[in-house]
Amino acid sequence: MTDETTNTVELATELTMAWLSNPNTRTSADDVPAFLKSMHDAVIGLSTAPAEAPAEDAGREFTGAVTARKSLANPDVIISMIDGKPYKTLTRHLSNNGLTPAEYRTRYGLKADYPMTAPSYSALRRDMAHKIGLGRKPGQTASVKSEAPASTAKRGRSPKVTEPA
């Protein structure tokens, strides 16, 4: 046996022992060998998978589910070129598919300024950020508010007003 094979067997054994030591695991003795075999296969698959995966994608030609023009046609949503479904923002969708925005643009031949967020959603978030004061420098006020004239009354109490009799 090689040192690499021993390591995968030991790792699969440790994973199986951890699975069995979990108090929520309910299993019979007959299931343990099958689980150990699946763990061993998974460990071997993980150790060899990275070399094979990039070679698959490199020569593959990708066509979008929709055209770039159609994906940006509606200002409320942006349509994914992967599955043709509408999203307000593509970032989580892309990460679930193992892509970065740059890889997505490259894969489908999009320009560098292709948006990852729907225009109306961007405007909504921008307005919300301005409203709560993001983007201002420290000490800068949001807008000129009409300030009440300074009075000699104590804070929290309104001055007594007497009406002429």
Side-chain angles (χ1 to χ4, degrees), residues 2-22 24-25 27 31 34-148:
T2 65
D3 192 33
E4 188 175 316
T5 306
T6 305
N7 290 338
T8 58
V9 171
E10 287 176 4
L11 184 57
T13 305
E14 288 178 25
L15 289 169
T16 304
M17 289 184 331
W19 176 66
L20 290 172
S21 66
N22 184 348
N24 295 330
T25 301
T27 186
D31 295 337
F35 184 79
L36 179 60
K37 172 96 172 94
S38 68
M39 275 295 124
H40 185 258
D41 293 342
V43 170
I44 289 175
L46 288 173
S47 65
T48 59
E52 297 170 9
E56 251 179 53
D57 289 345
R60 202 167 146 192
E61 184 70 28
F62 293 98
T63 57
V66 295
T67 63
R69 182 179 295 247
K70 185 173 180 178
S71 71
L72 299 175
N74 187 347
D76 295 331
V77 293
I78 186 165
I79 298 175
S80 168
M81 298 185 85
I82 296 171
D83 59 6
K85 294 181 182 176
Y87 297 94
K88 287 188 185 264
T89 179
L90 288 176
T91 50
R92 182 174 291 168
H93 170 64
L94 293 180
S95 66
N96 288 342
N97 286 289
L99 292 171
T100 64
E103 291 170 342
Y104 177 77
R105 289 179 180 118
T106 303
R107 177 184 277 190
Y108 295 106
L110 303 170
K111 294 181 181 177
D113 63 346
Y114 183 86
M116 292 291 125
T117 307
S120 65
Y121 185 68
S122 292
L124 179 74
R125 298 293 297 202
R126 182 177 48 251
D127 292 342
M128 189 183 333
H130 284 291
K131 193 178 290 183
I132 65 171
L134 295 177
R136 287 193 312 253
K137 293 181 180 165
Q140 190 178 19
T141 58
S143 62
V144 179
K145 295 181 181 177
S146 60
E147 295 186 22

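Numbers here are sequence positions counted from 1.
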Of all heavy-atom pairs linking Pro115 and Leu72, the shortest is CG-CD2, 3.7 Å
Over all heavy atoms of both residues, which pair between Asn74 and Asp76 is shortest? Give the atoms and the distance, please. OD1-N, 3.0 Å
Quick one: pull up OG in Ser120 and CG in Leu124 and give me the separation to the nearest 0.5 Å. 7.5 Å
In this structure, CG of Leu11 is separated from CD1 of Ile44 (nearest 0.5 Å) by 10.5 Å
As an exercise, state the distance from CG of Asp31 to CH2 of Trp19, rounded to the nearest 0.5 Å. 6.0 Å
Is the shortest side-chain heavy-atom distance between Ile79 and Lys85 below 4.5 Å? no
For the side chain of Glu103 and the backbone of Thr100, is there at least one donor-acceptor N/O pair under 3.5 Å apart? yes
Give me the atom names and distance for the closest heavy-atom approach of Asp83 to Ala65. C-CB, 3.9 Å
Ignoring hydrogens, what is the shortest heavy-atom contact between Ala118 and Pro75? Give both atom names and the distance. CB-O, 3.7 Å
Taking the side chain as everything from C-beta on, heavy atoms only, tell me whether Met81 gets closer than 4.5 Å to Leu110. yes
Mark yes or no: Arg105 above the aromatic ring of Tyr114, with NZ or CZ under 6.0 Å from the six-membered ring centre and no more than 45 degrees from the axis. no
Walk me through whether Thr89 and Ile78 qualify under side chain to side chain contact (heavy atoms under 4.5 Å, CB included). CA-CA 7 Å; Thr89 179; Ile78 186 165; over 6 Å; no
Asp41 vs Lys37, test: salt bridge (Lys or Arg N to Asp or Glu O under 4.0 Å). Steps then yes/no. CA-CA 6 Å; Asp41 293 342; Lys37 172 96 172 94; 3.2 Å; yes
Regarding Tyr87 and Thr117, do their side chains bring together a donor and an acceptor under 3.5 Å, going by distance alone? no
Smallest heavy-atom separation, Met116 atom then Tyr104 atom, equals CE-CD2, 3.7 Å
Please test His93 against Ile82 for side chain to side chain contact (heavy atoms under 4.5 Å, CB included), starting from the C-alpha separation and ending with a verdict. CA-CA 9 Å; His93 170 64; Ile82 296 171; 3.9 Å; yes
Of all heavy-atom pairs between Ser71 and Val66, which one has the smallest distance, and what is that distance? CB-CG2, 3.9 Å
Interatomic distance, Leu36 atom CG to Ser38 atom OG [nearest 0.5 angstrom]: 8.0 Å
Would you indicate whether the side-chain heavy atoms of His40 and Thr8 approach each other to under 4.5 Å? yes
In this structure, CG of Asn97 is separated from CG of Leu90 (nearest 0.5 Å) by 10.0 Å
